[in-house]
Amino acid sequence: MSAIAENIIFLKKSLPASVRLVAVSKTKPVSDILSAYEAGQRLFGENRVQEILAKKDNLPGDIEWHLIGHLQTNKVKTILPYVSMIESVDTEKLLLAINSEAKKINRIIDCLLQIHIAAEESKFGFSADELTAILSPEKLSLLNNVRICGLMGMATFTDDSDQIRREFRNLSQCFNVLKNKYFAYSDFFSEKSMGMSGDYKIAIEEGSTIVRVGSLIFGERIKK
Ligand SMILES: *Cc1c(COP(=O)(O)O)cnc(C)c1O
């Protein structure tokens with residue numbers, strides 16, 4: 001068995017049943033994705049539209065793609081038919097663009113709103129206040145072709161596990177506030193996508209339902 005397949009099997013065994021694994025295959029070749037597929041993995045994450053488009057035709061049709069990277073509104077139309085979830089919705093403009101393109105192809109697209117929880121400046125995402133504003137019932141009622149399934153966030157890249165834990169806890173608290181305020185009677189607002197190779201264990205302890213793991217499965221990526 002390949003190392004990639006072994007990593008998948010090990011990870012799946014160690015994750016609670018309530019947590020889904022997104023295998024983050026960005027920069028990795030189709031052959032690596034197939035190794036993970038052969039170990040039973042069907043859910044993959046990519047951060048670039050172009051990469052999903054280039055890889056999908058050379059892979060089995062039952063693979064599910066999550067887009068996890070920044071999406072430009074002008075690329076929404078291209079990628080929508082091929083993704084089962086967009087985890088990285090980081091502006092209201094993007095959410096509206098997804099809704100209107102989804103309407104044209106008669107689909108309802110699962111989305112996560114990306115919340116900025118890290119101390120680092122550069123990461124994309126909404127603040128907690130912005131999320132409250134964007135999720136008003138008036139605005140939500142116009143979004144018939146997106147399903148807002150929860151939140152996604154990335155912790156600061158640091159060795160300080162207390163800080164990482166605080167940041168994930170912050171995401172969970174924000175999730176609870178929004179759930180109570182706007183989604184109390186909705187089943188689909190249920191996802192907290194947090195945790196990567198270095199911090200997924202902490203994320204699970206803080207309530208993650210989706211972990212996005214790349215290098216721990218596929219090996220280190222070559223920095224570009
Ligand atoms: C690359 C990436 C991951 C996976 O990172 P690893 O540290 O390799 O597990 C997870 N989430 C997002 C948004 C990413 O861009």
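All values below come from the heavy atoms of this structure, side chains included, with hydrogens, waters and symmetry mates left out. Remember, it's 1-based here, ligands and their atoms both numbered in the order they're listed. If you read the sequence from its start, that first residue is 1, and numbering goes on from there.
Of the heavy atoms in Glu87, none comes closer than 4.0 Å to ligand 1.
Put simply, the side chain of Gln41 reaches to within 4.5 Å of the side chain of Lys12, judged on heavy atoms.
Taking the six-membered ring where the residue is Trp, Phe44 and Phe218 present tilted rings, their angle falling between 30° and 60°.
Tracing side-chain contacts under 4.5 Å through hydrophobic residues (I, L, V, M, F, W, Y), one never reaches Ile68 starting from Ile148; they form parts of separate clusters.
Short contacts between ligand 1 and Val213, defined as distances under 4.0 Å to a heavy atom of the residue, involve ligand atoms 9 (O). Near Met154, with a cut-off below 4.0 Å to any heavy atom, the atoms of ligand 1 are 13 (C).
Atom 9 (O) of ligand 1 has as its closest protein heavy atom Ser197 OG, 2.5 Å. Ranking protein heavy atoms by distance to atom 13 (C) of ligand 1, first place goes to Ile68 O, 3.4 Å. Scanning the protein heavy atoms around atom 4 (C) of ligand 1, the nearest turns out to be Arg212 O, 3.6 Å. Closest to atom 10 (C) of ligand 1 among all protein heavy atoms lies Met196 SD, 3.3 Å.
With Arg48, Lys26, Met152 as candidates, the residue nearest to atom 1 (C) of ligand 1 on a non-hydrogen basis is Lys26.
For the residue pair Glu191 / Thr209, a side-chain donor-acceptor distance below 3.5 Å is found, with atom types taken as modelled. Using a 3.5 Å distance cut-off with no hydrogens or angles, the side chains of Gln50 and Lys75 do not pair a donor with an acceptor. With 3.5 Å as the limit, one finds a donor-acceptor pair spanning the side chains of Glu87 and Ser193. Side-chain contact check for Gln114 and Ser88: no donor-acceptor pair (N or O, by modelled atom type) lies under 3.5 Å.
Between Phe189 and Tyr182, a ring centre-to-centre spacing not shorter than 6.0 Å is recorded.
Checking only distances, Ser215 does come within under 3.5 Å of ligand 1, N or O to N or O. Close N/O approach between Gly214 and ligand 1 is found [any backbone or side-chain N/O within under 3.5 Å].
By the 4.0 Å heavy-atom criterion, Leu216 is excluded from the residues contacting ligand 1.
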